[in-house]
Amino acid sequence: PEHYTPEAIWRAGLECFGVDEFDLDPASYHGSPIPCKRIYTREDDGLRFEWEAETLWSNFPYSDIGPDGKRVYGVMSRFVTRLVDAYDAGQVKKALTLVKSDCRPEWFHKLLDTATAFCMIRKALKFGRPDDAEKENGGSFFGSIVFYLGPDVEAFYHAFSPLGAICQTIEPGMFGE
C-alpha cells in the first residue's frame, strides 16, 4: 500500500527549491497532496518515461508487489539509477529524494556519490496511509535520509537543517591538495 510522505518533508523541499510546486514526481499516487505539475503513478510506471524537470521530488517505492502477490525487491535501485542518469545528463536540474537510511545497497552509494548534500532526518517519520487518511501509522522502524542533487547547498541547508543533520560526502580535492 501507499505511504504518504510527511508534509514537513515535502514542504521543506518546496522551500529548498523556492517554488510552490515541483515539476515532476515520477513515483507518486492519485490524490497525493504534494503539489506537482506532473506525476507518474504505479499504474503509469514512471520508469517508462523520460524525466525532464527543473525540480524533481521523489519518495521511491522501497519494494513492490508482483503479479503473483509476492513482494518484489530491486525497485528502489531502478528508480535511483534513473534519477542519477537523468541528473548526470542534465535532464533533471535539481532533485530531492527521500529514502530509508540503509547504507548496504548499491543504490545508496550511487546517491552518496551523486548527491551534493543530504539530510539525516532526526526523528522517525510517520507515514500516513491512504486507507485511513485521518490516522498516521507509528514512526517507521528505520531512519530516513533526504538526498539533494543540485547546485544550491545553502538553500538545502536552510530548508532541511531544522529536520536533521546536513552532511556532504568528502571527495578528493576538497582540501586544496
Asks: List the atom of Ala117, the atom of Gln168, and the distance in Å for their closest heavy-atom pair.
Replies: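 Scanning both residues completely, I find the closest heavy atoms to be CB-CG, 4.0 Å.
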Asks: Mark yes or no for whether Trp10, through its side chain, and Pro33, through its backbone, hold a donor-acceptor pair below 3.5 Å.
Replies: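 No, because the side chain of Trp10 does not come within donor-acceptor range (under 3.5 Å) of the backbone of Pro33.
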Asks: Could you work out, with ring pair (Phe, Tyr, Trp, His ring centres under 6.0 Å) as the rule, every residue matching Tyr157, not counting sequence neighbours?
Replies: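 If we apply the ring pair (Phe, Tyr, Trp, His ring centres under 6.0 Å) test to Tyr157, skipping adjacent residues, there are no hits.
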Asks: Under 3.5 Å, side chain of Arg82 to main-chain N/O of Leu47, donor-acceptor pair present?
Replies: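 At least one qualifying donor-acceptor pair exists.
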Asks: Using atom types as modelled and distance alone, determine if a side-chain donor or acceptor of Ser58 lies under 3.5 Å from a backbone N or O of Phe60.
Replies: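 Pair absent, no side-chain N/O of Ser58 close to backbone of Phe60.
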Asks: Taking the side chain as everything from C-beta on, heavy atoms only, tell me whether Leu24 gets closer than 4.5 Å to Thr55.
Replies: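 When only atoms from C-beta onward are counted, Thr55 and Leu24 do not touch, as no gap falls below 4.5 Å.
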Asks: Going by the ring-ring contact (aromatic ring centres under 6.0 Å, His included) test, which pairs reach into residues 98-122, not counting sequence neighbours?
Replies: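 Sorted result for residues 98-122: Phe108-Phe147, Phe118-Phe147.
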Asks: Apply side-chain contact (heavy atoms from CB on, under 4.5 Å) to Val99 and Met76, showing your working.
Replies: CA-CA 9 Å; Val99 302; Met76 178 67 88; 4.0 Å; yes
Asks: Can you tell me how far CD1 of Ile9 sits from CG of Asn59, rounded to the nearest 0.5 angstrom?
Replies: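 Separation between the atoms: 9.5 Å.
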Asks: Any donor-acceptor pair under 3.5 Å linking the side chain of Tyr87 with the backbone of Gly150?
Replies: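 Checking the backbone N and O of Gly150 against the side chain of Tyr87, a donor-acceptor pair under 3.5 Å is found.
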Asks: So, do Leu56 and Leu96 sit near enough that their side-chain heavy atoms are less than 4.5 Å apart?
Replies: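 Result no, sub-4.5 Å side-chain heavy-atom pair not found.
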Asks: Quick check for you: to the nearest 0.5 Å, what is the distance between Arg78 atom CZ and Asp45 atom CG?
Replies: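 These two atoms lie 8.0 Å from each other.
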Asks: Distance from Leu149 atom CG to Lys93 atom NZ, nearest 0.5 Å?
Replies: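 Separation between the atoms: 13.0 Å.
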Asks: Under a 3.5 Å threshold, yes or no: a donor from one side chain and an acceptor from the other, between Lys110 and Thr81?
Replies: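 Yes.
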Asks: Side-chain contact test, heavy atoms from C-beta onward, threshold under 4.5 Å: evaluate it for Phe160 versus Cys16 and give yes or no.
Replies: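 Yes. Closest side-chain heavy atoms under 4.5 Å.
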Asks: Would you indicate whether the side-chain heavy atoms of Leu98 and Ser144 approach each other to under 4.5 Å?
Replies: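 A side-chain contact exists here, since the closest heavy-atom pair is under 4.5 Å.
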Asks: Is a side-chain donor or acceptor of Gln91 paired with a backbone partner of Ala53 at a separation under 3.5 angstrom?
Replies: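 It does not hold such a pair.
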Asks: Let me check something: do Ile39 and Phe17 share a hydrophobic cluster, defined by ILVMFWY side-chain heavy atoms less than 4.5 Å apart, either directly or through other members?
Replies: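 Different clusters: Ile39 never reaches Phe17 through Ile, Leu, Val, Met, Phe, Trp or Tyr contacts under 4.5 Å.
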Asks: Do Pro61 and Phe79 make a side-chain contact, defined as non-hydrogen atoms from C-beta onward lying under 4.5 Å apart?
Replies: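 Result yes, sub-4.5 Å side-chain heavy-atom pair found.
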Asks: Taking the side chain as every heavy atom from C-beta outward, state whether Val146 and Thr97 have any pair of such atoms under 4.5 Å apart.
Replies: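 They are not in side-chain contact.
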Asks: What I'd like to find out is whether the side chain of Arg38 reaches to under 4.5 Å of the side chain of Tyr40, using heavy atoms alone.
Replies: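 SC-SC contact between Arg38 and Tyr40 confirmed.
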Asks: For Asp44 and Gly46, indicate whether the former's side chain and the latter's backbone hold a donor-acceptor pair under 3.5 Å.
Replies: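 No; judged by distance alone, with no hydrogens or angles, the pair does not exist.
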Asks: Can you tell me how far the CD atom of Glu7 sits from the CG atom of Leu14, to the nearest 0.5 Å?
Replies: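 Separation between the atoms: 9.5 Å.
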Asks: From Arg104 CZ over to Asp102 CG, what is the distance, rounded to the nearest 0.5 angstrom?
Replies: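 Rounded to the nearest 0.5 Å, the CZ-CG separation comes out at 4.0 Å.
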Asks: Do Ile34 and Phe22 come within less than 4.5 Å of each other through their side chains, counting heavy atoms only?
Replies: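 Side chain of Ile34 against side chain of Phe22, heavy atoms only: contact under 4.5 Å found.
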